[in-house]
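Since the structure comes first, as structure tokens, the remarks are kept for the end.
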There are 2 protein chains.
Amino acid sequence: MSLEHILLGQLRQPSTGYELGKEFDDGAGHFWPAERSQIYPTLKKLEQKGWLTCSEQPSERGPRRKVYATTDAGFEELRKWLTEGPQIGRERLAYIAQVYYLGALDDFEAGLAMIRKMQARWRQSLALFEHIERAVVEESGDWQDLEPCDFFPRASLGTGLHLMRAKLAWCDETIQRLETRVGSAAATPAQEND
Amino acid sequence: MSLEHILLGQLRQPSTGYELGKEFDDGAGHFWPAERSQIYPTLKKLEQKGWLTCSEQPSERGPRRKVYATTDAGFEELRKWLTEGPQIGRERLAYIAQVYYLGALDDFEAGLAMIRKMQARWRQSLALFEHIERAVVEESGDWQDLEPCDFFPRASLGTGLHLMRAKLAWCDETIQRLETRVGSAAATPAQEND
DNA sequence: CAGATCATGTAATGCGTTACATGATTTC
DNA sequence: GAAATCATGTAACGCATTACATGATCTG
């Protein structure tokens, strides 16, 4: 329902599918992953709807590029999406499902292993977010001085941080409870990465 | 990638598509919403894969029902899903996107309105989760006494609680920051529901 | 007999993923 | 000339949503 809106949001400056694709690797990709194979056709669809215009331009380095820019109608659609109400309540969270059904294995140790792996992954994410936060704070200073265009991206980073810390707090709590349940040899450290 | 696994997890007891559909309204639906129109064909697919068996039975009240049960192969698939690693990292969180792009409106007040609506929704969810928790604690007592089949569902409820509280803490923090930014007439209370 | 509840589906459409195709330019 | 980077796509498939179809049984 929404790559369209993400792209409208991302296109504050005119840009190409290729560049937008790269932006998904770090920023927007954290809350809305997308592949270029989906981005290109979606841009075309947005153009057909009249929400973007496209101008072809030669590139200095490589083949011709299509530069897209938002139209008034496109901005209006973005505005609607940002005022009509929060998009909440249909998220699919596979990791919660995994925790929920872990009981089927009837094995605390297997569950403990799973949750330690989650902990390891989320620690990495938290470290990354904290790194980004430090960089952002250094660059644009304190909350009081921020314009909306800097305030809200920073606020969204804040959600990420709060969420990660909550997940890790839950991991700590749950791992502790599990460790009292599995016998003694429960010192297998978690390892694995993205 | 995963309604199949959710259904395998849900089918600890033999059950019908209709009943499974109802279960999604409260329990599993919180982390994995699904419609019956998707559940029925998916059950059929799982049967074809040999992960479920199906036996048709007359119903006391209404038409004949198809009762599905997990096979050994089905359980093996569930086991694999629960041990192969956490399903983390491709979640699409539209509400974070909305916060991120709110800057496009260049209007702190509009952002404040949006975040207050989020707060209202999440307060409802938190109240619901806390209600469920009280019921569960009353029914099955303290953590120490729980078997895996009760422990892990309860732990997953814990994630939900931690997550909701984190979201609300972020709302409080962000609303406060925004209130110092919008002038004086910023007392519009949030209202709206699911 | 009207309406609620039980019960199972199909069809059309849309969104997302994976794999593959193409080709220009720059750097080593 | 091989590899990296720039740049745009298509095709096949799978998963999810929406809307609609069908019909039995029970309750008032």
Side-chain angles (χ1 to χ4, degrees), chain A residues 1-8 11 14-25 28-29 31-49 51-52 54-68 81 87-94 97 194, chain B residues 1-8 11 14-25 28-29 31-49 51-52 54-68 77 81 87-94 97:
Chain A
M1 213 213 240
S2 245
L3 177 61
E4 299 192 356
H5 293 110
I6 306 295
L7 289 173
L8 286 173
L11 275 169
S15 184
T16 68
Y18 186 75
E19 278 168 42
L20 288 163
K22 275 198 298 188
E23 285 164 23
F24 277 87
D25 295 339
F31 50 78
W32 204 277
E35 304 296 325
R36 270 194 263 262
S37 60
Q38 198 193 353
I39 292 170
Y40 287 121
T42 304
L43 287 169
K44 198 173 282 185
K45 210 166 66 176
L46 288 171
E47 194 193 351
Q48 277 159 15
K49 288 193 191 185
W51 294 346
L52 300 181
C54 172
S55 76
E56 245 171 88
Q57 287 174 15
S59 152
E60 287 148 21
R61 179 198 189 83
R64 60 94 182 67
R65 17 187 275 145
K66 291 180 159 190
V67 179
Y68 289 93
W81 182 65
Q87 303 284 303
I88 287 178
R90 307 279 305 174
E91 296 92 11
R92 267 148 238 270
L93 301 175
D194 224 3
Chain B
M1 213 213 240
S2 246
L3 177 62
E4 300 193 354
H5 293 111
I6 306 295
L7 289 173
L8 287 173
L11 275 169
S15 184
T16 68
Y18 186 75
E19 278 167 43
L20 288 163
K22 274 199 298 189
E23 285 163 26
F24 277 87
D25 295 340
F31 49 78
W32 203 276
E35 304 296 325
R36 270 193 264 263
S37 59
Q38 199 193 352
I39 292 170
Y40 287 121
T42 305
L43 286 169
K44 198 173 281 184
K45 210 166 66 176
L46 288 170
E47 194 194 349
Q48 277 160 15
K49 287 193 190 184
W51 293 347
L52 300 181
C54 172
S55 77
E56 245 172 88
Q57 286 174 15
S59 152
E60 287 147 22
R61 179 198 190 82
R64 60 95 180 66
R65 17 188 276 145
K66 292 180 158 191
V67 179
Y68 288 94
E77 177 59 30
W81 181 64
Q87 304 283 302
I88 287 177
R90 306 279 303 175
E91 296 91 12
R92 267 148 239 271
L93 301 175

> With side chains defined as the heavy atoms from C-beta onward, is the minimum distance between B:Glu4 and B:Trp81 less than 4.5 Å?
Replying inline: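 Not in contact.
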> Considering only C:dG16, D:dG9, C:dG9, which nucleotide approaches the side chain of B:Lys44 most closely?
Replying inline: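 Selected nucleotide (nearest to the side chain): C:dG9.
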>> Check whether B:Arg92 reaches the backbone of A:Glu91 with its side chain - one donor and one acceptor, N or O, closer than 3.5 Å.
In response: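 Checking the backbone N and O of A:Glu91 against the side chain of B:Arg92, no donor-acceptor pair under 3.5 Å is found.
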> Would you find a donor on one side and an acceptor on the other, under 3.5 Å apart, between the side chain of A:Arg36 and the backbone of A:Tyr18?
Replying inline: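 Yes, the answer is positive, given that a donor and an acceptor are paired below the 3.5 Å cut-off.
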Figure out the [atom1]/[atom2] separation between [X] and [N], and round it to whole Å.
X: B:Arg90; N: D:dG14; atom1: CZ; atom2: C1'; answer: 15 Å
X: B:Glu91; N: D:dA16; atom1: CD; atom2: P; answer: 14 Å
X: B:Glu35; N: C:dT10; atom1: CD; atom2: P; answer: 17 Å
X: A:Leu20; N: D:dC6; atom1: CG; atom2: P; answer: 15 Å
X: B:Lys49; N: D:dG14; atom1: NZ; atom2: C1'; answer: 10 Å
X: B:Lys45; N: C:dT10; atom1: NZ; atom2: C1'; answer: 16 Å
X: A:Trp32; N: C:dT17; atom1: CH2; atom2: C1'; answer: 14 Å
X: B:Gln38; N: C:dT13; atom1: CD; atom2: C1'; answer: 14 Å

> So, is B:Arg36 near the phosphate of D:dT18, with a side-chain N or O under 4.0 Å from OP1 or OP2?
Replying inline: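 No, outside the criterion.
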> Taking only residues two or more places apart in sequence or in another chain, which ones pass side-chain hydrogen bond (donor to acceptor under 3.5 Å, both in side chains) with A:Glu19?
Replying inline: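 Partners of A:Glu19 under the side-chain hydrogen bond (donor to acceptor under 3.5 Å, both in side chains) test: A:Ser15, A:Arg65.
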>> Regarding C:dT18, can its base be found pairing with the side chain of A:Ser37 as donor and acceptor, where the two atoms are less than 3.5 Å apart?
In response: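 Checked by distance alone, the answer is yes.
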> side-chain contact (heavy atoms from CB on, under 4.5 Å) between A:Ile6 and A:Phe24: does it pass, once the steps are laid out?
Replying inline: CA-CA 10 Å; A:Ile6 306 295; A:Phe24 277 87; 3.7 Å; yes
At a cut-off of 3.5 Å, list every protein nitrogen or oxygen paired with a nitrogen or oxygen from nucleotides 1-7 of chain C, distance to 0.1 Å.
| residue | atom | partner | partner atom | Å |
| --- | --- | --- | --- | --- |
| C:dC6 | OP2 | B:Tyr18 | OH | 2.8 |
| C:dC6 | O3' | B:Arg61 | O | 3.1 |
| C:dA7 | OP1 | B:Ser59 | OG | 3.0 |
| C:dA7 | OP1 | B:Arg65 | NH1 | 3.4 |

> Pick the nucleotide of DNA chain C nearest each of B:Pro41 and B:Arg92; which residue has the one closer to the 5' end?
Replying inline: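 Per heavy-atom nearest nucleotide, the more 5' residue is B:Pro41.
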> Shortest non-hydrogen contact from A:Leu3 to A:Ala34?
Replying inline: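 Heavy atoms only, the tightest pair is CD1-CB, 3.9 Å.
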>> If we check side-chain contact (heavy atoms from CB on, under 4.5 Å) with B:Tyr68, which of these qualifies: B:Leu20, B:Thr16, B:Leu52?
In response: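 The option that passes is B:Leu52.
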